[in-house]
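Let me begin by presenting the structure, written as structure tokens, before commenting on it.
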Amino acid sequence: VRPATTEPVVLKAEVDGASVEGQVAVMTHGGRIGRVELVPADAPADPDAAAAIYDADQVVLAPGSLYTSLLPVLSVPEVRAAVAATTAQVVQVCNLRPQPPETTGLDAADHLQAVLDHGARVDVFCYEAACDLPVDEAAIRALGVRPVGAHVAGDSGLVHDPSRLARALADLLQSRPQQGVPA
């Protein structure tokens, strides 16, 4: 595990047309969050983080707070470029439920769209079919991403089960078409 950047940064977001700064302020402001960015916008990536992304077999995005954890990492230009350019399979693991007020009113396709709108590449969208976040596979496919349902939630349904999620990710990696071999 490496940090996205080793430089001090501030999270900034557009929330219903207003500019909000700071992770807690963005998370608790309420309203529809638009684009997020870091200040400074050109914060350098930890070189080991970018190298690990390029060298990976699989890059896993999330689960976690969409606008205050996942998207800030993708706001580091070198990290975003590495995710876009890697030959690894890029998997977004969908959250199990909305995170009020940060993602109130969003469905799974909205989560994916936010990641894509921030310049990231996603090959596979892994989700728990029995979760509290509505998933429309056709909407996921319309965004050019393969949806894959898997039993990844813990027994409570409130958090991901690490063992189940690890199995699902391993299965995705094993079922990945080899380079140069048609899917």
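What you see is a predicted model; the values in this text were computed from it and never measured.
With contacts defined as side-chain heavy-atom distances shorter than 4.5 Å, the pair E7/P44 qualifies. Using a 4.5 Å heavy-atom threshold, the side chains of R35 and H118 count as touching. Residues I33 and E14 are not in side-chain contact: their nearest non-hydrogen atoms beyond the backbone lie 4.5 Å or more apart. In this structure the side chain of V90 reaches within 4.5 angstrom of the side chain of L61, judged on heavy atoms. A heavy-atom distance below 4.5 Å is not found between the side chains of T104 and E102. Between L96 and L158 the shortest side-chain heavy-atom distance does not fall below 4.5 Å. Counting only heavy atoms from C-beta outward, the side chains of L106 and Y67 approach each other to under 4.5 Å. Annotation: side chain of P147 is not in contact with side chain of V135 (no heavy-atom distance under 4.5 Å).
At least one donor-acceptor pair under 3.5 Å links the side chain of D136 to the backbone N or O of A138. Side-chain atoms of E78 come within 3.5 Å of backbone N or O of A45 as a donor-acceptor pair. A donor-acceptor pair under 3.5 Å links the side-chain atoms of R80 to the main chain of L74, judged by distance alone. Checking side-chain atoms of H29 against main-chain N and O of E21 turns up no donor-acceptor pair under 3.5 Å. A distance-only check finds no donor-acceptor pair linking the side chain of D55 to the backbone of A52 [under 3.5 Å]. A donor-acceptor distance shorter than 3.5 angstrom exists from the side chain of N95 to the backbone of G64, with no hydrogens or angles considered.
In the hydrophobic clustering of ILVMFWY residues, with side-chain heavy atoms under 4.5 Å counting as a link, L143 and V83 come out together. Note on M27: it does not cluster hydrophobically with V9, by side-chain heavy-atom contacts below 4.5 Å among ILVMFWY residues.
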message: Could you go through Q92 and L112, starting from their C-alpha distance and side-chain angles, then the distance that decides it, and tell me whether this counts as side-chain contact (heavy atoms from CB on, under 4.5 Å)?
response: CA-CA 8 Å; Q92 181 176 348; L112 173 59; 3.3 Å; yes
- prompt: Does the side-chain contact (heavy atoms from CB on, under 4.5 Å) test come out yes or no for V115 and L66, once each step is laid out?
  reply: CA-CA 8 Å; V115 170; L66 179 63; 4.0 Å; yes
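The pair D16-R32 fails the salt-bridge criterion, with no side-chain N (NZ, NE, NH1 or NH2) lying under 4.0 Å from an Asp/Glu carboxylate O. Contact check on D155 versus R164 returns a salt bridge, with a Lys/Arg side-chain nitrogen under 4.0 Å from an Asp/Glu carboxylate oxygen.
Here L172 sits in one hydrophobic cluster together with V60, V91, V93, V124, V148, V152, L165, L169; the rule is ILVMFWY side chains under 4.5 Å apart, joined directly or through other members.
The two residues G105 and D110 come nearest to each other via the heavy atoms O-OD2, 4.0 Å.
Side-chain atoms of S65 and Q99 include a donor-acceptor pair closer than 3.5 Å.
Looking at residues two or more places apart in sequence or on another chain, you find a salt bridge (Lys or Arg N to Asp or Glu O under 4.0 Å) between E137 and R141.
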